[in-house]
Amino acid sequence: MTEHLYHKYVKHMTLEEKIAQLLQLAAPFYDEPGDESEITGPMEELGIKYDTKRAVGSVLGIAGAKKMMAVQKEHLAGSRLGIPLLFMADIVHGFKTIFPIPLAIGCSWDPELAEQSAGIAARESAVSGLHVTFAPMVDLVRDARWGRVMESTGEDPYLNAVFAKAFVQGFQGDNLKDDVSRVAACVKHFAAYGLVEGGREYNTVDLSERQLREYYLPAYKSAVDAGVEMVMTSFNTVNGIPATGNRSLMRGLLRDEWGFDGVVISDWAAIKEIIAHGAAEDEKEAAFKAISSGVDIDMMTTSYVNHLPELVAEGLVDEALIDEAVLRILALKEKLGLFENPMRGADPELEQQIVYSQEHRKVSQRLAEKSSVLLKNDGVLPLQAGQRVALIGPFAASGDILGWWSWQGSQETAVQLGESMQKVSGDPGNVVISEGCSIDTITEAGLAEAVKAAAAAEIIVLALGEASEMSGEGGSRSDIRLPEAQLELVREMKKLGKPVVAVLFNGRPLDLHGVYDAADAVLEAWFPGSEGGAALADILYGKVNPSGRLSMSFPYSAGQIPVYYNAYNTGRPKPVEHTDNRYISQYIDIPNEPLLPFGFGLSYTSFAFEGFSLSSDLMSADRPLEARVTVTNTGSMAGTETVQLYIRDMSGETVRPVKELKDFRQVQLHPGESREVVFQIEESQLRYHHSDLTFSSDPGMFTVYVGANSRDTQSATFRLA
């Protein structure tokens, strides 16, 4: 398949030119002056020579059609063989039109809308000159202390796999060569980065291969099966070996077992970090381990450039390994059509029309509406037209609602909550805005102003949360409560004896003590993106009925973490009813259960589940079952319910979780309307990894659960013959 690329390019390349194709440099290297007589700045710091820069294969972090076209033109002028650059960047949840963070998108339970958002992100990226996005991030996450939970779609392997496929399809479309409005996707971080110990960024991961395959690999495999073009290595260890130098993981599992033939790229400087892990003595050994493991692109180190030539000369690395890596990179460039059209979709004029267009922003608003989760409502929402509202808190008039990975997004143009509520209320005078405190500081004067505004209002809306830098990469926190300044603000507002609504802007599930118990209603907004304020105002005033459902459990306390719905039962499970028995698996000071479970979310209407039944109490491999339940909107407002199907294997060769999500349906119902929801259950859904890593089902009893979340369900049983 790549033979023609070998004969046209690789066969004629020097070893140094081949190795330069494996190097990725960041944008500052292309801010250097063109005069080669003096090497300064980042090129000097990294030890990059101009000959290497001329032959480099890819660039990270350049955006803007005009800039990209100028860099590509200059590069091609100096490239002996005319091989174009690949331009890559972290377009995680939007380019300039920012969508809700991926954890929020997971709460939409709407893969079609997620795919649409990725398609828009691709369109804006491609017209601005980019070819590859470092997304989706599909790491399974169970520890809210880790800042990067905001990049994942949550704690469930099935739901993550569904979204992984949707994002890849949205970014890449059906034909990258002919459809220049798409970009290649890069799934990350391979593998199991979401299990970092203590929720601490860049930390160690240690798990059995059975756990790896059962819970952490399915979403990556879904992305690979969807045709993802690139895979990024993770910073962590897998089975005691750094992923970037892990031959059994990268070559054995990813390439040989799964058949992935695309490009593997290290995360930033991850090849050199093999040394810090203690798995390589120096950069030479690190380069040897990475290239031997099948890592094609070295992001931002000179490990390959400085050491692969001598490794080849010494016979330690076969030059064929380097040829193989170069061919994969060239094959991606060919798939993108770069040899025929090095500028591809970059178009400065079209860029002005497409990027941050009203059409794109409407989709961002729609996704923010579907991603927001109503966590509590004691009859105070929706707000009523004409109500006097005091909007108080650090996010009342803040544009910091985009999240950590909003590289090209603008906080200045993000739609704020306060201005949106004033518009939707019908009379701007009905909504008085007062900050009350900053993210982490409260003053007497600020509090006094807020108290005055609240005293004149009928209802208080508190806009609270984390600053964007408090989550995302490098944003691990040991204490995941709101900062004390905001908790004090809540206490002072509560003293006024008026209804209190809390709207939360954050990148992780929080410990909500001091908020959930004090507020009459709690709306989880996450970081909702460019149109977040407009979406939230429509929800608060009932123009939109909230339908989001949690894709990650909210802990009762950080002391429970990791806490997740699909846990094992243990040999001494805690009974549902109260017991004085000390010798069971429990905390003596807090509940075992999270404050809010996976799949949870409220609505302004109510739904009833009736008539749940299975078509038979016996299943076989060639005889699937049907599970049926009738869902009725028993309230007074149209709404959307997410019907969730869980299964428990009651007795396995290895212990099985108390519940596992296997399917879901969203149904939109008018007041009084009913609809029967039908799920087909097949033997393949009952398979799991046994102790010898074989993947199969066991005959025996199974319990099926159907409900509105992982906790509140109805059940029935069947036997697999």
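Values in this document were obtained by computation on a predicted structure and should not be read as measured data.
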Open item on the list: Assess, by modelled atom type and distance only, whether the side chains of Q365 and K370 contain a donor and an acceptor separated by less than 3.5 Å.
Closed with: no
TODO: State, yes or no, whether a side-chain contact exists between V149 and M552 at a heavy-atom distance under 4.5 Å.
DONE: yes
Task: Considering all heavy atoms, the nearest L523-L536 contact - done: CD2-CD2, 3.8 Å
- [ ] Would you please indicate yes or no on a ring centroid separation below 6.0 angstrom for Y216 and Y193?
- [x] no
- [ ] Return yes if a side-chain donor-acceptor contact under 3.5 Å exists between W146 and E201, otherwise no.
- [x] yes
Task: Lys/Arg-Asp/Glu bridge criterion (N-O < 4.0 Å) met for R687, E682 - done: no
Task: Geometric cation-pi criterion K376 and Y516, 6.0 Å radius, 45° cone - done: yes
Open item on the list: Is there a side-chain contact between T642 and S547 in this structure, where contact means two heavy atoms from C-beta onward sitting under 4.5 Å apart?
Closed with: no
Open item on the list: Is it the case that the ring center of F505 lies less than 6.0 angstrom away from the ring center of W526?
Closed with: no
Task: Lys/Arg-Asp/Glu bridge criterion (N-O < 4.0 Å) met for R628, E626 - done: yes
Task: Near-ring test H689/F695, centroid separation under 6.0 angstrom - done: yes
Open item on the list: If I compare all heavy atoms of V415 with all of S420, which pair ends up nearest, and what's the gap?
Closed with: CG1-OG, 3.1 Å
Task: Distance-only donor-acceptor check, side chains T632 and S674, under 3.5 Å - done: yes
TODO: May I ask you to check whether F598 and Y565 place their ring centres under 6.0 Å from each other?
DONE: yes
Open item on the list: Quick one about Q411 and D400 (side-chain donor to acceptor, distance below 3.5 Å, no hydrogens or angles considered), yes or no?
Closed with: yes
Open item on the list: Side chains of D511 and S557 only: does a donor on one sit below 3.5 Å from an acceptor on the other?
Closed with: no
Open item on the list: For residues 539-563, which residue pairs pass the salt bridge (Lys or Arg N to Asp or Glu O under 4.0 Å) check, not counting sequence neighbours?
Closed with: R549-E641
TODO: Grab the two heavy atoms, one from G548 and one from V373, that are nearest each other, plus how far apart they are.
DONE: O-CG1, 3.5 Å
Open item on the list: Is it true that S530 and S364 share a donor-acceptor pair across their side chains at a distance under 3.5 Å?
Closed with: no
- [ ] State yes or no: are the ring centers of H513 and Y556 separated by less than 6.0 Å?
- [x] yes
Task: Beyond-backbone contact of S108 with S371, side-chain heavy atoms, under 4.5 angstrom - done: yes
- [ ] Applying side chain to side chain contact (heavy atoms under 4.5 Å, CB included), name anything that partners I439, two or more places apart in sequence or on another chain.
- [x] P394, F395, A467, M470, P483, Q486
Task: Pair E466 + R508: basic N to acidic O under 4.0 Å - done: yes
- [ ] Take the angle between the ring planes of F95 and W407 and call it parallel below 30°, perpendicular above 60°, tilted in between.
- [x] perpendicular
Open item on the list: I need the minimum non-hydrogen distance between E610 and Q714, along with the two atoms involved.
Closed with: N-NE2, 4.3 Å
Task: Carboxylate-amine/guanidinium contact D663 R665, below 4.0 Å - done: yes
Open item on the list: Enumerate the salt bridge (Lys or Arg N to Asp or Glu O under 4.0 Å) contacts for residues 149-167, please, sequence neighbours excluded, ordered by first and then second residue.
Closed with: R148-E151, E151-K188
